[in-house]
Enquirer: 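Please find one structure pasted underneath; my questions will follow.
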2 protein chains.
Amino acid sequence: MQNRQIPALKESHNPLSINSEWIGREYCENCHFCKLFSAEPLGSDDANSPQPVDHFLFPSGSVIYNNNTHRKFIYTIRHGMVKLTNNAHNGGSRIVRLLGPGDSIGLELLVGNNSYHHTAVAVDNVDVCRIPVSFIKKTIAERPSLHNQISHQLQNQLDLADQWIVALGTGTARQRVAHLLLLLDGFFADGNGAFTLINREDMAAVIGTTVETVSRMIAEFKRQNILCKYKSKNSLYTCNTSMLNTITLNA
Amino acid sequence: MQNRQIPALKESHNPLSINSEWIGREYCENCHFCKLFSAEPLGSDDANSPQPVDHFLFPSGSVIYNNNTHRKFIYTIRHGMVKLTNNAHNGGSRIVRLLGPGDSIGLELLVGNNSYHHTAVAVDNVDVCRIPVSFIKKTIAERPSLHNQISHQLQNQLDLADQWIVALGTGTARQRVAHLLLLLDGFFADGNGAFTLINREDMAAVIGTTVETVSRMIAEFKRQNILCKYKSKNSLYTCNTSMLNTITLNA
DNA sequence: CGAGGGGTTGACGCCGATCAAAGCTGGTGG
DNA sequence: CCACCAGCTTTGATCGGCGTCAACCCCTCG
């Protein structure tokens, strides 16, 4: 029987056994919350107490948090890529967002029933600040401007989600893969315009097709030099964005 | 050539000539913002000035606002259903959200470059409160608790968008239509558990298929008595949610 | 060197897009 | 009242994209 069921991600992608590495306790220069914290000194009563912002490394493939679990931390990404997955109740799984440096995850703990709404997994080696919800709430109370940061983050993720629906959920597999490559190129390219290609399984979970279909499209793009290895090392790639854009438009 | 292109909605669905009807100037009992406004009296300087919250009726099919336009109003829905559409840049169009009473639209004006991120169209006759952005911002300044309302709305819409990606963008056409019916039944059913079926074109724009495919699925569900006319009048329907749920799971 | 995981490619069949035509329904005018 | 029309819905026929299953390649690691 043929259906568009997305297979559940293999266990190898959720290796709970891989532990994150605690790096230190510090303010972060690269994320909104931490920047705010460090930019404006806190109230005098807090000035002496150590700030509970921890810095963690999550190795590629490790789980940052699980859907529906009740923990008390929000994370901001300093470096690397994080995927947020939702498992459809039929057993499948779908990636609903790819996030990178500057993005915050787990914001849903600030409103509602304080359980995570996704499973967050490190796509590559990920570098995060872990901030306790209680600390954010306390800080908000004494500095309402933080609210704007949160609204911005939420609105930004909402825009991403809508873009996801339209660009990655519409059109042929060929068009969707083209869209995904443009997204990776736009958001995750390094200074040289090269980006790391995520694996086929993740690509399939992003655009809602099978691994084989994605592989065919990627292989075809490689053969057409639309997608080129940038350096043999590290699976860095560059892409011809104008050709991808035309593919996006036509078929 | 076969592709999953979504055709642009016909002009009949964007009849700018249909004008909204101004009803009055009043506080709304049915929406968060207005409820807040009326629950807690504003500062003394505002108490005497008339509140600029207007009440409008938008007839079915009329445009509430257009994507990328710069206007200065946020709307909260009192009654009826509103669709938010995004046109993929290849000319197609896709419905990214269906919203109903209690939901707010246009919140993106509160952050960023104050232009709307979608086109909002009344699916049936819609009853809204129109609130100026400047008024909301002013009110927020003197009552930061409103921030929580906004965060809630944003988080709620983010959850809806994610659900949209997973439930309505994954699986066979049959499964997606089943999901859509469950969504309509869950969110838009009246006291008797009956809901108004949206037209096939909108359904197709929701789940990302063609009108014909949707029609086939709906017709099949009708024949199987999974979807039944509730009253001959007004295209009200009821559905067998348990059977729809099993369809959702299988194929 | 064998094992295992990820990527690529092939063969085949089905779902759903496409094109086409015929019912249905509500609105309009004679 | 009916004829007529426009728009929506339904149904049929055809065919291409993509899901499915399977084999094979390549790389890494024990």
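Fair warning: this is a prediction, and the values are worked out from it, not measured in the lab. The chains referred to below are lettered A, B, ... by the order of the sequence lines, with proteins before strands, and numbering in each begins at 1.
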Enquirer: At less than 4.0 Å, is any side-chain N or O atom of Arg223(B) found next to OP1 or OP2 of dT11(D)? Yes or no.
Expert: yes
Enquirer: What's the closest nucleotide to the side chain of Thr213(B) if the choices are dA17(C), dT18(C), dC18(D)?
Expert: dA17(C)
Enquirer: Do the side chains of Glu220(B) and Arg174(B) get close enough for a salt bridge, i.e. N-O under 4.0 angstrom?
Expert: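 Yes, charged N to carboxylate O under 4.0 Å.
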Enquirer: Taking CD from Glu201(B) and P from dT9(D), how many angstroms apart are they, rounded to a whole number?
Expert: 8 Å
Enquirer: Using the side-chain heavy atoms of Ser215(B), tell me which of these nucleotides is nearest: dT9(D), dT8(C), dC18(D).
Expert: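 Nearest nucleotide to the side chain: dT9(D).
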Enquirer: Is any side-chain nitrogen or oxygen of Arg216(B) closer than 4.0 Å to OP1 or OP2 of dT11(D)?
Expert: no
Enquirer: Among dG7(C), dG19(D), dT20(D), which nucleotide has an atom closest to any side-chain atom of Thr209(A)?
Expert: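 Taking heavy atoms from C-beta onward, the closest nucleotide is dG19(D).
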Enquirer: To the nearest angstrom, how far is Leu197(A) atom CG from dG6(C) atom P?
Expert: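 Interatomic distance, CG of Leu197(A) to P of dG6(C): 15 Å.
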Enquirer: Once you round it to whole Å, what is the distance between P of dG17(D) and CD1 of Ile207(A)?
Expert: 16 Å
Enquirer: Respond yes when some side-chain nitrogen or oxygen of Thr210(B) is under 4.0 Å from OP1 or OP2 of dG16(C), and no when none is.
Expert: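 No, outside the criterion.
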Enquirer: Could you tell me whether the phosphate oxygens of dT9(D), OP1 or OP2, come under 4.0 Å of any side-chain nitrogen or oxygen in Lys222(B)?
Expert: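 No, outside the criterion.
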Enquirer: Please state how far atom CD in Glu212(A) lies from atom C1' in dC25(D), giving the value in whole angstrom units.
Expert: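 After rounding, the reported distance stands at 15 Å.
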Enquirer: Side chain of Ile218(B) only, please: which of dG6(C), dT10(D), dT8(C) is the nearest?
Expert: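 Ranking dG6(C), dT10(D), dT8(C) by closest atom to the Ile218(B) side chain puts dT10(D) first.
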